[in-house]
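Only a predicted model underlies this, so the values are computations on that prediction, with no experimental measurement involved. Residue indices begin at 1 and follow the sequence shown.
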Amino acid sequence: QVQLVESGGGLVQSGGSLRLSCAASGKIFNIYDMGWYRQAPGKQRELVATIASDGITNYAGSVKDRFTISRDNTKTVYLEMSSLKPEDTAVYYCNAFIQTLPWPAGGRGYWGQGTQVTVSS
């Protein structure tokens, strides 16, 4: 079984910072892309940032230059969020494309349970 567990959410004032973490565990052979998505009340889930296994990153325009995604060798992905705005308020979900067996087995995407980020004005 594969699990993604997020942590680091909370309540912060506008202009503040938070750091989210997401740790993958279980039967993992390889992890490819990892990323963060968010869903605000009444809205669809949207991409925030992704990072490939080679370190190449991609950001939504609304968070570029304010958020930084990174990953380490312990199967953890991070999201450093600064200059937070009330419109960043959402549940943040971790996602990872994980291969659980060697080739020729394929992989699939997994989701974490989500962590709430609330930015007060």
Side-chain angles (χ1 to χ4, degrees):
Q1 301 288 352
V2 173
Q3 278 192 316
L4 297 178
V5 179
E6 300 109 331
S7 60
L11 174 64
V12 64
Q13 287 189 329
S14 182
S17 300
L18 278 176
R19 186 194 199 208
L20 305 182
S21 300
C22 171
S25 63
K27 186 178 179 182
I28 296 172
F29 179 74
N30 203 0
I31 302 178
Y32 295 94
D33 287 6
M34 303 185 82
W36 291 94
Y37 292 72
R38 66 187 182 187
Q39 187 166 18
K43 295 189 176 181
Q44 289 190 330
R45 191 172 298 188
E46 63 177 4
L47 180 146
V48 175
T50 61
I51 183 167
S53 54
D54 59 4
I56 293 177
T57 58
N58 179 52
Y59 294 93
S62 59
V63 307
K64 202 170 184 179
D65 298 327
R66 297 189 298 121
F67 291 9
T68 301
I69 189 171
S70 62
R71 62 192 288 177
D72 62 22
N73 294 329
T74 62
K75 305 171 187 175
T76 302
V77 62
Y78 305 94
L79 187 68
E80 298 273 2
M81 305 184 292
S82 61
S83 302
L84 282 161
K85 306 174 182 179
E87 49 264 44
D88 294 318
T89 296
V91 178
Y92 283 69
Y93 296 92
C94 173
N95 176 270
F97 192 87
I98 295 173
Q99 186 181 7
T100 58
L101 293 169
W103 186 90
R108 72 170 183 90
Y110 291 83
W111 291 95
Q113 81 287 352
T115 185
Q116 177 71 46
V117 172
T118 302
V119 185
S120 62
S121 57

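Between the Arg71 side chain and the Gly35 main chain, no donor and acceptor come within less than 3.5 Å of each other. A distance-only check finds no donor-acceptor pair linking the side chain of Gln3 to the backbone of Gly26 [under 3.5 Å].
No more than 12 heavy atoms of other residues, nucleotides or ligands lie within 6.0 Å of CG in Asn73, so this atom counts as exposed by the packing criterion.
Between Ser82 and Glu80, the side chains place no donor N or O within less than 3.5 Å of an acceptor N or O (distance only, hydrogens not considered). In the model, Glu6 has no side-chain atom that pairs as donor or acceptor with a side-chain atom of Tyr93 under 3.5 Å.
Judged as a salt bridge (charged side-chain N to carboxylate O under 4.0 Å, His left out), and not counting sequence neighbours, the contacts of Arg66 are Asp88. With sequence neighbours left out, the ring-ring contact (aromatic ring centres under 6.0 Å, His included) criterion links Tyr37 to Trp111. Ser120 meets the side-chain contact (heavy atoms from CB on, under 4.5 Å) test with Leu11, Gln13; sequence neighbours excluded. Among residues two or more places apart in sequence or in another chain, the salt bridge (charged side-chain N to carboxylate O under 4.0 Å, His left out) test is passed with Glu87 by none.
Note on Leu47 and Val91: same hydrophobic cluster, where clusters join Ile, Leu, Val, Met, Phe, Trp and Tyr whose side-chain heavy atoms are under 4.5 Å apart, directly or indirectly.
Taking every heavy atom of both residues into account, Ala90 and Gln39 meet most closely at CB-O, 3.5 Å. Scanning both residues, Ser14 and Ser121, for their nearest heavy atoms gives CB-CA, 4.2 Å.
Hydrophobic clustering, defined by side-chain heavy atoms of Ile, Leu, Val, Met, Phe, Trp and Tyr closer than 4.5 Å, groups Val48 together with Val2, Leu4, Val12, Leu18, Leu20, Ile28, Ile31, Met34, Trp36, Ile51, Tyr59, Val63, Phe67, Ile69, Val77, Leu79, Met81, Leu84, Tyr92, Ile98, Tyr110, Val117, Val119. With side-chain heavy atoms closer than 4.5 Å counting as contact, directly or through intermediates, Ile56 stands alone and belongs to no larger hydrophobic cluster.
Leu101 has its side chain within reach of Lys27: a pair of non-hydrogen atoms, C-beta onward, lies under 4.5 Å apart.
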